[in-house]
Amino acid sequence: MKKKLLLFAAITMTAACAKAQMHSAMNFIGNATFTAVTFQASQDNAKDTVIIADGNTSVTLPELHYNAMGMTLPSIKFTDLTYVMEGNPMAGTGKFTWEKQYADTVITLADGVTEKHLTNVTLKVVYTHTSGQLDVDVTFNYGSMPSPLHYVQQGYYTVVPNDWNLVGRGTSKNPYKVYDEDDVTAIKDAVTNGASAEGIYFQAMSDVTYAENTYAAGTVFNLPGSADAVASVKADNSVAASKTIKVIKDGRIVILGNGNAYGATGLEF
């Protein structure tokens, strides 16, 4: 029970919030890759959701899609797991690892009814509190399929739904993740519809192109202060290596150079 409370306390801000989440599923959303190992063929799946639930003793994978083969595996739920804790979750340095191997097992699918025979299962799931990141790595043989299957995901703790319709929590340690142009549009639409951008953080997870402008992966977009601030556009539409997004109330977004929230230059789009 102490371990359960510590994990939820690590994810939430207070012990009270931890208790409130004791019976709630935790969603970790992020990009994933599903591979048929024998055929060396992989499928990337955007923004899969992996769920930790049942008092932190189960890990549920999403449906696994392999478009080229026209194949979808149903969601798989691994139960009766335990974790090892490192660091101090109350100080924000907690790290939790679920690790298990099954030579031969029957897994109940996420529908709670259907059972499936799996063999040679190796599961490792690691949650790092400082980033809100969950790293999932699972290999297994599924029924009579001829190839071992390998699933990896880098997800982030996300409260769903949220105003931004984005992965993450919007904090400096777990910013909302910007994967593509649709995510930038989601920011724009949220502000247009009245969401406040004050104190919100975003991070580019890949090189994002929006309105023909590209923003490098790893850029942290910080939205301090008022969402109503206005900035002008640089004549050459250039952007400094370190950028800050500023959202204007009418839905326009401004990229400001060098982290200056109220600078005189920036790229508006």
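- The side chain to side chain contact (heavy atoms under 4.5 Å, CB included) test applied to T79 returns S58, K77, not counting sequence neighbours.
- No continuous path of ILVMFWY side-chain contacts below 4.5 Å connects V126 to V50, so the two sit in separate hydrophobic clusters.
- To the nearest 0.5 Å, atom OG1 of residue T33 and atom CG of residue D44 are 4.0 Å apart.
- For the atom pair NZ (K124) and OG1 (T139), the distance works out to 12.5 Å, reported to the nearest 0.5 Å.
- Heavy-atom minimum distance, A32 versus Y151: CB-OH, 3.4 Å.
- With values rounded to the nearest 0.5 angstrom, T60 atom OG1 is found 10.0 Å from I76 atom CD1.
- Looking at V138 and V136, their side chains come closer than 4.5 Å, going by heavy atoms from C-beta outward.
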Worked check of side-chain contact (heavy atoms from CB on, under 4.5 Å) between F140 and K116: CA-CA 12 Å; F140 57 96; K116 194 66 183 180; over 6 Å; no
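- Shown here for H150 and V152, the closest heavy-atom pair between the two residues is NE2-CG1, 3.4 Å.
- Ring geometry for F96 against Y83 counts as perpendicular: the plane angle is over 60°, on a 0 to 90° scale with 30° as the lower cut.
- Within the 3.5 Å criterion, the main-chain N or O of T114 finds a donor-acceptor partner in the side chain of D111.
- K95 contributes atom NZ, which lies 13.0 Å from atom OH of Y127 (distance to the nearest 0.5 angstrom).
- Paired with V59 under the rule side-chain contact (heavy atoms from CB on, under 4.5 Å), one option of V125, L134, I51 passes, and it is V125.
- Counting heavy atoms from C-beta on, the side chains of P62 and F34 never come closer than 4.5 Å.
- Pairing each heavy atom of G168 with each of N174, the nearest pair is CA-OD1, 3.7 Å.
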Candidate pair L61 and Q153, rule side-chain contact (heavy atoms from CB on, under 4.5 Å), full reasoning: CA-CA 10 Å; L61 304 184; Q153 186 234 34; over 6 Å; no
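- In plain terms, the two heavy atoms of W98 and N56 that are nearest each other are NE1-O, 2.9 Å.
- Among all heavy-atom pairs drawn from W164 and A186, the shortest one is O-CB, 3.4 Å.
- A donor-acceptor pair under 3.5 Å is absent between the side-chain atoms of T38 and the main chain of S147, judged by distance alone.
- Counting heavy-atom neighbours within 6.0 Å of N165 CG, excluding the residue itself, gives a total of 12 or less.
- Looking at every heavy atom in both residues, L149 comes nearest to A36 through CD2-CA, 4.2 Å.
- Between the OH atom of Y156 and the OG1 atom of T128 there is a distance of 9.5 Å, given to the nearest 0.5 Å.
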Output side-chain donor-acceptor pairs under 3.5 Å for residues 64-73, partner residues at least two apart or in another chain, one line each.
unit_1, atom_1, unit_2, atom_2, d
H65, ND1, T72, OG1, 3.1
Y66, OH, A41, O, 3.3
Y66, OH, S42, N, 3.3

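- When the side chain to side chain contact (heavy atoms under 4.5 Å, CB included) test is applied to D183, the partners found at least two apart in sequence or on another chain are K47, L166, V178, Y179, D180.
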Test log, rule side-chain hydrogen bond (donor to acceptor under 3.5 Å, both in side chains), inputs D104 and H117: CA-CA 8 Å; D104 193 328; H117 186 215; 2.5 Å; yes
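- In this structure, L118 CG and I107 CD1 are separated by 5.0 Å, a value rounded to the nearest 0.5 Å.
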